[in-house]
Amino acid sequence: MDMKSVEIKWQNKWEKDKLYTFNKKNIDKKFYCLEMFSYPSASKLHLGHWYNYGLTDSFARYKKMKGFEVFEPMGFDAFGLPAENYAIKTGVHPETSTLSNIETMEKQLKAMGAMFDWNAEIKTCMPDYYKWTQWLFLKLYENGLAYRKEAPVNWCPSCNTVLANEQVVDGCCERCGTQVIKRNLTQWFFKITAYADELLEKLDELDWPEKTKAMQRNWIGKSYGGEITFETESGDKFNVFTTRADTLFGVTFVALAPEHPLVQKLTTNDRKEAVQKYIEDTSKTDEIERLSTAREKTGVFIGAYAINPVNGKKVPIYAADYVLYSYGTGAVMGVAAHDERDYKFAQKYDLPISVVIRDPNGGNKLPYTEDGYLINSLEFDGLSSEEARKAILNRLNSEMKGNHKINYRLRDWLVSRQRYWGAPIPMIHCEKCGTVPVPYKDLPVLLPKDVEFKPDGKSPLAKCESFMNVKCPKCGGEARRDPDTLDTFVCSSWYYLRYPDNKNEDMPFDPEVINQMLPVDKYVGGPEHACMHLLYARFITKALRDMGYLKFDEPFKSLTHQGIILGPDGFRMSKSRGNVVSPDTYIDTYGSDVFRMYLMFGFDYTAGGPWDDNGIKSIAKFTEKIERLVVKASSYKPLADFEKGEDEKALLFAEAYAIKNVDRDMNSFSFNTAIARLMEFVTAIYKYDALENKNEGLVLKTVETLVLLLAPCAPHFAEELWSILGNKKSVFLQAYPVFDESALVKDEIELAVQINSKVKCKIVVPSNADDELIKSTALLNQNVEKSIEGKQIVKTIIVKGRLVNFIVK
RNA sequence: GCGGACGUGGCGGAAUUGGCAGACGCGAUGGACUUAGGAUCCAUUGGGCAACCAUGCAGGUUCGAUUCCUGUCGUCCGCACCA
């Protein structure tokens with residue numbers, strides 16, 4: 001078969017018939033199947049695209065044939081740095097390159113033969129989309145979930161922009177690998193921490209990979225503890241956060257983060273110089289080194305003392321950079337005897353070590369960081385750590401010196417970017433009125449085209465006077481626009497809400513529609529977004545719910561991550577390694593269906609694995625084999641009444657077995673086994689068809705079943721075969737085959753016979769045989785007879801349909 | 001250090017609730033057809049002559065363990081001075 005022309009033929013037909021356009025009339029049967037949208041890149045679709053989009057499309061087609069009204073949209077995450085960097089290099093405007101890349105990608109995605117509903121397409125860089133991204137920003141602002149503050153932020157000196165915590169990997173920029181530095185800047189944040197608890201709790205009910213849920217749990221990092229107030233001799237108060245209030249009597253020093261404001265205030269004159277030098281030194285140490293656990297703990301005594309609220313003891317205050325200003329209160333109580341880090345610190349600075357927890361196992365190695373029983377803690381002596389944590393915090397609480405407290409590692413999401421190619425932040429700064437939101441009627445704040453975007457650390461928009469100058473919406477006076485753009489993750493945090501209502505000009509989406517279409521029933525994409533996109537999207541959904549726009553709590557009910565296809569050498573594909581497998585050459589040779597089917601067959605979908613050239617040939621052979629069979633069967637007369645002999649029963653069994661298993665496997669993304677079952681089915685049909693006394697109508701019937709089962713996996717090919725069989729309507733408008741339960745019941749079944757749990761032989765019994773018959777049949781077998789000769793059967797275990805096990809002595 | 005996985009033939013990978021380990025395919029070997037074969041078809045293919053032995057290793061639970069439990073080794077991924 002000439003796959004190329006077959007593909008084009010059906011793609012055109014499908015488009016003409018609007019086969020994949022979502023029909024809102026059937027919204028009660030909707031199935032929202034979503035693949036993470038793609039970034040428009042200049043290079044061709046790579047294997048990863050095919051693996052994600054092609055195979056999920058097969059899943060979606062399967063759902064369609066199962067009677068669902070499938071909504072499978074596609075769009076482009078079109079703002080972002082690569083286009084801007086390309087522009088800086090070549091002078092081509094980001095809009096020009098992005099739109100042309102989108103055009104090429106659309107063509108390629110269409111050639112894939114997926115049933116994307118292109119009517120629902122979105123491009124995040126278009127004003128009709130980012131208008132609503134800006135709307136989202138304003139809504140968050142209105143509801144107190146977007147705020148501006150000056151804070152030390154992650155700055156990438158190469159990208160010349162700030163980064164969210166999630167975008168910093170090992171102290172480096174996630175995108176370019178440049179070492180990230182800290183800078184104090186006034187930036188916009190989204191208050192994702194307001195939802196920390198719900199983001200954590202609701203994970204339990206999601207059908208998501210365990211690992212991804214674990215990563216989010218870890219990232220949110222909830223810890224139960226207490227805040228304890230220490231007072232200094234000067235009367236200043238500060239809080240420490242601790243999960244180990246039970247060790248409070250063991251505090252021998254207190255450490256503040258160098259950035260902590262009290263450091264400046266409390267440092268005594270004689271220590272000023274030393275402290276200043278220390279702060280300067282640590283700010284020079286780069287993030288990576290500072291974050292390394294292996295690094296020696298350093299600090300400096302600031303000359304002041306704090307009072308331990310529980311026993312009035314005076315302990316020295318240090319500034320130490322192992323204390324992070326951004327977590328907890330930026331201050332810790334130093335318990336050298338019971339904390340690894342405090343112990344090292346105390347050793348280095350020769351601070352006292354006071355043991356207050358006894359190891360119940362009698363150990364006396366320090367530091368002892370496990371729970372135990374309290375000693376040297378006055379009236380709390382003898383309590384277990386767990387009891388003591390409560391008791392001590394309760395006592396402090398009654399004295400207004402502390403309280404129970406839950407802390408999260410999750411920080412608010414920094415969304416400002418000092419870059420050009422993004423959605424402008426719809427805010428105006430007026431000297432008189434302060435920060436004023438752009439009125440909704442003035443949206444979108446259009447991104448100006450003629451902007452100098454050579455990076456110099458300042459927002460490119462800041463240099464565009466025509467953009468910056470604006471009248472204050474409140475007082476009408478001269479004002480300036482916010483020069484920053486939004487993190488592209490803001491654009492992608494709500495796109496799944498726009499797809500079903502993408503042409504709406506009055507609203508980002510009609511709640512009426514969206515509450516019926518969502519949540520997404522199946523979301524498929526790479527695992528690399530676990531703590532970014534997937535977390536942000538959940539947050540935005542919850543925020544919009546609380547504003548009354550949405551009636552659901554979670555955007556993505558069920559999530560699957562595709563694995564990664566490696567190069568033939570088992571390594572990740574990379575240009576430098578020269579092991580990149582390009583889909584194009586295979587598609588030219590075999591067609592897109594064969595390519596897709598090999599991706600289905602060759603790998604465990606969620607695991608991925610190395611590419612194998614020979615594997616794809618075997619699929620090509622398989623499709624040719626099917627084609628020969630279908631062409632032959634197409635001349636057979638339809639099925640009339642017939643006698644069911646052994647051979648017919650075997651074929652009908654194979655058919656029912658195939659339907660049952662392919663159905664189940666397609667539903668669970670077990671594509672590799674689904675194809676394996678199809679191969680077995682084909683073999684069974686061939687075997688029957690080779691008989692002299694065969695019922696041709698029966699062959700035809702099973703071949704039809706075969707084509708139906710094959711259709712989601714090889715859409716163009718199956719469509720062509722379906723028409724060869726004389727059908728006029730699309731195979732995708734057919735109902736998925738249903739299997740006949742009775743066909744799966746065999747007259748006779750084979751059982752294994754075990755003696756003392758070792759298989760000795762096989763017996764064949766009627767499938768409805770009772771235990772007695774199974775037993776007696778087994779005992780008649782010569783092998784069995786020999787094995788139990790002179791011994792006594794003490795127990796017989798019969799597992800229906802599987803085995804019989806004699807325990808003999 | 002913490003968290004999550006994973007470990008099965010020469011290879012990719014199967015195995016529903018604990019029930020005949022190795023489905024399906026690749027590769028390999030032998031054969032048929034053929035001027036030819038890198039096409040097609042057929043057969044064999046975990047090891048061992050066999051009893052048996054085999055799911056990283058060592059135990060445990062069980063009539064029975066790839067599957068459950070404990071320990072251990074190894075690989076991968078994520079987080080990491082989070083108090």
Side-chain angles (χ1 to χ4, degrees), chain A residues 169-171 209-219 221-223 225-226 240-244 247 255 257 290-297 320-324 326-335 338-342 344-345 369 407-411 527-528 530-531 564 570 598 601-604 606-619 621-622 624-625 628 661 664-665 668 670 672-683 686 690 750-762 794-808:
Chain A
V169 176
D170 290 335
E210 262 325 304
K211 188 180 171 180
T212 305
K213 292 205 259 184
M215 279 168 69
Q216 289 208 355
R217 278 192 199 102
N218 200 302
W219 190 259
K222 184 177 189 174
S223 51
V240 300
F241 175 74
T242 180
T243 53
R244 292 299 302 272
T247 64
R290 182 167 167 186
L291 287 175
S292 152
T293 41
R295 182 168 161 256
E296 196 175 42
K297 309 278 169 279
D321 72 353
Y322 78 92
V323 181
L324 306 175
S326 49
Y327 181 74
T329 60
V332 302
M333 57 185 218
V335 184
H338 305 294
D339 182 278
E340 207 78 51
R341 297 149 301 179
D342 296 349
K344 281 187 190 153
F345 190 79
T369 59
N407 236 327
Y408 297 92
R409 292 183 43 206
L410 184 70
R411 321 277 167 74
E528 65 275 13
C531 293
I564 297 166
Y598 171 59
F601 182 61
F603 312 87
D604 166 347
T606 56
W611 175 264
D612 175 17
D613 260 2
N614 289 313
I616 191 164
K617 280 181 208 152
S618 75
I619 293 291
K621 261 163 46 178
F622 178 54
E624 283 159 24
K625 196 170 168 182
R628 289 196 298 272
N661 287 285
R664 191 197 61 202
D665 291 348
S668 61
S670 305
N672 52 350
T673 49
I675 304 285
R677 298 294 88 81
L678 286 177
M679 288 171 167
E680 286 167 347
F681 187 27
V682 169
T683 306
Y686 259 94
E750 193 189 62
L751 297 182
V753 182
Q754 300 182 330
I755 309 289
N756 288 342
S757 306
K758 292 241 158 93
V759 179
K760 292 292 172 188
C761 66
K762 311 278 170 76
V794 292
K795 198 173 172 186
T796 307
I797 295 146
I798 294 173
V799 182
K800 282 264 176 300
R802 300 259 181 201
L803 55 80
V804 48
N805 186 5
F806 294 111
I807 310 304
V808 300

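Letters A, B, ... are given to chains in the order of the sequence lines, protein chains preceding strands, and every chain is numbered from 1.
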Any side-chain N or O of A/Lys211 below 4.0 angstrom from OP1/OP2 of B/C79? no
Considering every strand and a 4.0 Å limit on heavy-atom distances, what is the contact class for A/Lys760: base, sugar-phosphate, or nothing? sugar-phosphate
(request) Determine the interatomic distance between C1' on B/U45 and the same-named atom on B/G10; round to the nearest Å. (result) 11 Å
Whichever of A/Phe603 and A/Arg664 has the more 5' nearest nucleotide on RNA chain B, that residue is A/Phe603
- Task: Classify the side-chain pair A/Asp613/A/Tyr598 by whether it contains a donor and acceptor separated by less than 3.5 Å.
- Result: no
| query | With rounding to whole Å, what would you report as the distance between B/U66 and B/C20 at their P atoms? | reply | 10 Å
From CG of A/Asp612 across to C1' of B/G25 the rounded distance in Å is 10 Å
Check your understanding: What is the nucleic acid contact for A/Lys617, judged by heavy atoms within less than 4.0 Å: base, sugar-phosphate only, or nothing?
Key -> nothing
Check: Is A/Lys621 salt-bridged to A/Glu624, cutoff N-O under 4.0 Å?
Finding: no
Of A/Gly615 and A/Asp665, the one whose nearest nucleotide on RNA chain B sits closer to the 5' end is A/Asp665
For RNA chain B, the dot-bracket notation using Watson-Crick and G-U wobble pairs below 3.5 Å, [ ] for pseudoknot-type crossings and | for other-strand pairs, is (((((((..(((......[....)))((((((.......))))))((....))..(((((..]....))))))))))))....
Is the phosphate of B/G78 approached by A/Thr212 (side-chain N or O, under 4.0 Å from OP1 or OP2)? no
Q. Heavy-atom distance under 4.5 Å between the side chains of A/Phe603 and A/Asn672, does that happen here?
A. no
| request: Using a heavy-atom cut-off of under 4.0 Å over every strand shown, decide if A/Gly602 touches base, sugar-phosphate, or nothing. | output: sugar-phosphate
Between A/Ala752 and A/Val759 the two heavy atoms that sit nearest each other are CB-CG1, 4.3 Å
Would you indicate whether A/Lys625, at its atom NZ, is surrounded by more than 12 heavy atoms from other residues, nucleotides or ligands within a distance under 6.0 Å? yes
**OP:** Using a cut-off of strictly less than 4.0 Å, decide whether A/Lys621 has a side-chain nitrogen or oxygen near OP1 or OP2 of B/C26.
**Re:** yes
A/Met215 atom CE is separated from B/C2 atom P, nearest whole Å, by 19 Å
Handout entry: A/Tyr322 vs B/A83: side-chain N/O to OP1/OP2 distance below 4.0 Å
Key = no
- Query: Using atom C1' of each nucleotide, how far apart are B/C6 and B/G25 to the nearest Å?
  - Reply: 23 Å
- prompt: Does A/Thr242 reach the side chain of A/Val332, with side-chain heavy atoms less than 4.5 Å apart?
  reply: no
Expected label for B/G9 (glycosidic angle, syn inside 90° of 0, else anti) would be syn
* Classify the nucleic acid contact of A/Thr796 as base, sugar-phosphate or nothing, counting any heavy atom under 4.0 Å across all strands shown. => nothing
Quiz item: Looking just at side-chain N and O atoms, do A/Asp665 and A/Thr673 make a donor-acceptor pair shorter than 3.5 Å?
Solution: yes
* Touch check for A/Arg628, heavy atoms < 4.0 angstrom, all strands: base, sugar-phosphate only, or nothing? -> sugar-phosphate
Strictly under 6.0 Å, is that where the ring centroids of A/Tyr686 and A/Phe681 end up?
no
Restricting both atoms to N or O, compile the protein contacts to nucleotides 18-24 of chain B shorter than 3.5 Å, with distance only.
from  : atom 1 : to       : atom 2 : distance (Å)
B/C20 : O2     : A/Lys762 : NZ     : 2.7
B/C20 : N4     : A/Glu750 : O      : 3.3
B/A23 : O2'    : A/Arg677 : NH2    : 3.2
B/A23 : O2'    : A/Glu680 : OE2    : 2.7
B/A23 : N3     : A/Arg677 : NH2    : 3.1

Rounded P spacing from B/G1 to B/A14 in Å = 32 Å
